[in-house]
Engineer: 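This is the structure I want to talk about, given as structure tokens.
We count residues from 1, following the sequence as given.
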Amino acid sequence: MAFPSRPPLPPDVDPDLWFDTEKCGRHYLLDGNAHTFPGRMLAYCAERGIRTRVAKGEIGVCSEQAQYFVRGFLSGNEPAPPASDSDTDLAYLAWSEAAARFRDTGHWLDVDAHADASGDTDTDSSEGTAADFDGGGVPDAKAEEFAPRLRALMREQETARVALIVDVPNSGADHAVEVAATLAERVGRRTCDSAGPVEVSRPVSFTRVYALVGITGHRPWVAVQTAMTALGRSGWAPATAVDGEQYVTAEFRADRELNRGLDALGVSAVEIHAGYGLGHDSSRTPGSWRPRN
């Protein structure tokens with residue numbers, strides 16, 4: 001029996017720089033810098049034929065060449081030490097610990113230059129960035145009060161989330177909610193950090209239900225493609241992206257093509273939304289979700 005072969009790799013993809021991931025199979029490291037967070041590398045996903053970003057912690061089994069590529073990349077990405085390099089300087093000691101973690105995990109933890117031995121003041125720069133209100137000085141009382149809210153907002157804008165809109169006609173409200181939760185769980189298992197859903201609304205228009213699935217480690221384009229695969233590839237219009245793929249959507253219609261899984265549940269339409277800030281930024285959020293207090 002002959003098995004279909006994969007499409008050939010693009011010319012700029014080195015077949016020796018392969019690695020496998022738990023969620024998405026075979027990838028290849030690429031030249032260049034993602035220019036997002038320290039330690040984030042560019043990669044090509046052979047399963048879906050798309051380019052994405054990856055951290056060292058996402059890399060499973062890999063080639064020897066890929067191991068050395070990662071070591072070299074992280075060495076070049078390592079943030080510079082503080083001005084003082086005294087072995088007894090607390091800022092330098094904190095930087096040394098952060099650098100060691102960075103080489104091991106690929107995630108950089110920002111170091112507070114004013115840290116002392118009384119507590120841990122590191123913050124993970126791969127999740128958010130602390131604001132400096134006074135250009136290097138000590139924030140005043142108002143700035144200190146506002147800082148946690150600003151950091152929380154920045155984290156939300158830098159975190160991709162996935163949501164579904166599900167139409168289940170010819171059914172009761174309870175059944176529509178149950179179907180939406182089922183689909184959100186399927187998508188969450190494949191796409192998000194947990195099975196989900198985070199939140200499922202009551203039907204807002206006949207049997208139209210909104211489901212906020214959860215947080216994803218994928219960029220929005222990859223998240224939408226993964227969600228489409230989880231729900232069956234038939235019946236979907238091509239995914240669309242805006243703002244440089246910061247927000248991506250895809251739409252299923254039952255009358256386009258047979259999709260046994262969705263048709264069996266009585267689903268007539270599904271929208272997949274994935275984007276940064278989704279669920280907290282009302283301009284990016286479909287349905288009834290709004291920023292939370």
Engineer: Cation-pi check, Arg26 to Trp18: give yes when NZ or CZ is under 6.0 Å from the six-membered ring centre and within 45° of the ring axis, no otherwise.
Structural biologist: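 The answer is yes; both the distance and angle limits are met.
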Engineer: Determine whether Ile272 and Ile215 fall in the same hydrophobic cluster, where Ile, Leu, Val, Met, Phe, Trp and Tyr are linked whenever their side-chain heavy atoms lie under 4.5 Å apart.
Structural biologist: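 In one cluster: no.
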Engineer: Are Val168 and Ser268 packed together at the side-chain level, in the sense that at least one heavy-atom pair is separated by less than 4.5 angstrom?
Structural biologist: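 Not touching, per the 4.5 Å side-chain cut-off.
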Engineer: Drop me the distance from Phe19's CZ to Lys56's NZ, to the nearest 0.5 angstrom.
Structural biologist: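 Here the rounded value is 13.5 Å.
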Engineer: Do Val187 and Val162 have side chains that get closer than 4.5 Å, going by heavy atoms?
Structural biologist: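 Answer yes - side chains close enough.
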Engineer: By side chain to side chain donor-acceptor pair (under 3.5 Å), which residues pair with Asp174, not counting sequence neighbours?
Structural biologist: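 Asp174 satisfies side chain to side chain donor-acceptor pair (under 3.5 Å) with Arg202 only.
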Engineer: Decide yes or no for Val224 and Thr226: does some side-chain heavy atom of the first lie under 4.5 Å from some side-chain heavy atom of the second?
Structural biologist: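 No - every pair of side-chain heavy atoms lies 4.5 Å or more apart.
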Engineer: Does Leu258 share a hydrophobic cluster with Leu265, counting links as ILVMFWY side-chain heavy atoms below 4.5 Å and allowing steps through other members?
Structural biologist: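 Shared cluster, no.
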Engineer: Under 4.5 Å between any side-chain heavy atoms of Ile59 and Val70, yes or no?
Structural biologist: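 Of all side-chain heavy-atom pairs linking Val70 with Ile59, at least one is under 4.5 Å.
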Engineer: Above 12 or not: heavy atoms from other molecules or residues under 6.0 Å from CG of Asp255?
Structural biologist: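 Atom CG in Asp255 is packed in, count exceeds 12.
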Engineer: Indicate yes or no: at least one non-hydrogen side-chain atom of Trp236 is less than 4.5 angstrom from one of Val270.
Structural biologist: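 Yes, side chains in contact.
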Engineer: For residues Thr216 and Thr191, is any side-chain donor paired with an opposing acceptor at under 3.5 Å?
Structural biologist: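 Looking only at side-chain atoms, Thr191 and Thr216 do not form any donor-acceptor pair under 3.5 Å.
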Engineer: Hey, does the side chain of Ser201 reach the backbone of Tyr210 with a donor-acceptor pair shorter than 3.5 angstrom?
Structural biologist: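 Checking the backbone N and O of Tyr210 against the side chain of Ser201, a donor-acceptor pair under 3.5 Å is found.
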Engineer: Shortest non-hydrogen contact from Gln225 to Ala239?
Structural biologist: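 Taking Gln225 first and Ala239 second, the nearest heavy atoms are NE2-CB, 3.7 Å.
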Engineer: Which is it for Val179 and Val267 under the side chain to side chain contact (heavy atoms under 4.5 Å, CB included) test, yes or no, and what are the steps along the way?
Structural biologist: CA-CA 8 Å; Val179 170; Val267 175; 3.7 Å; yes
Engineer: Measuring from Asn259:CG to Met228:CE, what's the distance to the nearest 0.5 Å?
Structural biologist: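 Asn259 CG to Met228 CE: 10.5 Å, rounded to 0.5 Å.
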Engineer: Any side-chain heavy atom of Pro220 sitting closer than 4.5 Å to one from Tyr247?
Structural biologist: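 Result no, sub-4.5 Å side-chain heavy-atom pair not found.
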Engineer: Could you tell me whether Arg253 and Glu271 make a salt bridge, using a distance below 4.0 angstrom between a side-chain N and a carboxylate O?
Structural biologist: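 Salt bridge: no.
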Engineer: Quick check for you: to the nearest 0.5 Å, what is the distance between Arg233 atom CZ and Phe252 atom CZ?
Structural biologist: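 Taking CZ in Arg233 and CZ in Phe252, the distance rounds to 13.0 Å.
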Engineer: To the nearest 0.5 Å, what is the distance between CD on Glu257 and CG on Asp263?
Structural biologist: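 One finds 10.0 Å between CD of Glu257 and CG of Asp263.
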Engineer: List the residues meeting side-chain contact (heavy atoms from CB on, under 4.5 Å) with Thr52, not counting sequence neighbours, and say none if there are none.
Structural biologist: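 For Thr52, the residues satisfying side-chain contact (heavy atoms from CB on, under 4.5 Å) (neighbours in sequence not counted) are His27, Ala43, Arg219, Val222.
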Engineer: Just how far is it from atom CG of Leu231 to atom CG of Leu183, taken to the nearest 0.5 Å?
Structural biologist: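 Between Leu231 CG and Leu183 CG, I get 5.5 Å after rounding to 0.5 Å.
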Engineer: Is the backbone N or O of Ala176 less than 3.5 Å from a side-chain atom of Thr207, with the two atoms forming a donor-acceptor pair by type?
Structural biologist: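 Checked: no pair found.
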Engineer: Do Asp31 and Asp14 have side-chain heavy atoms sitting under 4.5 Å apart?
Structural biologist: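 A side-chain contact under 4.5 Å is absent here.
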Engineer: Write down the atom of Ala184, the atom of Val213, and the distance for their closest heavy-atom approach.
Structural biologist: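 Closest heavy-atom pair between Ala184 and Val213: O-CG1, 3.4 Å.
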Engineer: Taking a hydrophobic cluster as the set of Ile, Leu, Val, Met, Phe, Trp and Tyr residues connected by side-chain heavy atoms closer than 4.5 Å, whether directly or through intermediates, do Leu9 and Leu30 fall within one such cluster?
Structural biologist: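 Cluster IDs for Leu9 and Leu30 match.
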Engineer: Say whether, by atom type as modelled, one donor and one acceptor occur between the side chain of Asn77 and the main chain of Gly39 under 3.5 angstrom.
Structural biologist: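 Looks like yes, one N/O pair under 3.5 Å.
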Engineer: Return each pair, listed once, that meets salt bridge (Lys or Arg N to Asp or Glu O under 4.0 Å) where at least one residue sits in residues 65-83; pairs must be two or more places apart or across chains.
Structural biologist: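 Qualifying pairs, neighbours excluded: Glu78-Arg103.
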Engineer: I want to check something: taking the side chain as every heavy atom from C-beta on, are His273 and Leu164 in contact at a cut-off of under 4.5 Å?
Structural biologist: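 Not in contact.
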Engineer: Let me confirm one number: the CG-OG distance from Asp16 to Ser63, rounded to the nearest 0.5 Å.
Structural biologist: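 The distance works out to 6.5 Å.
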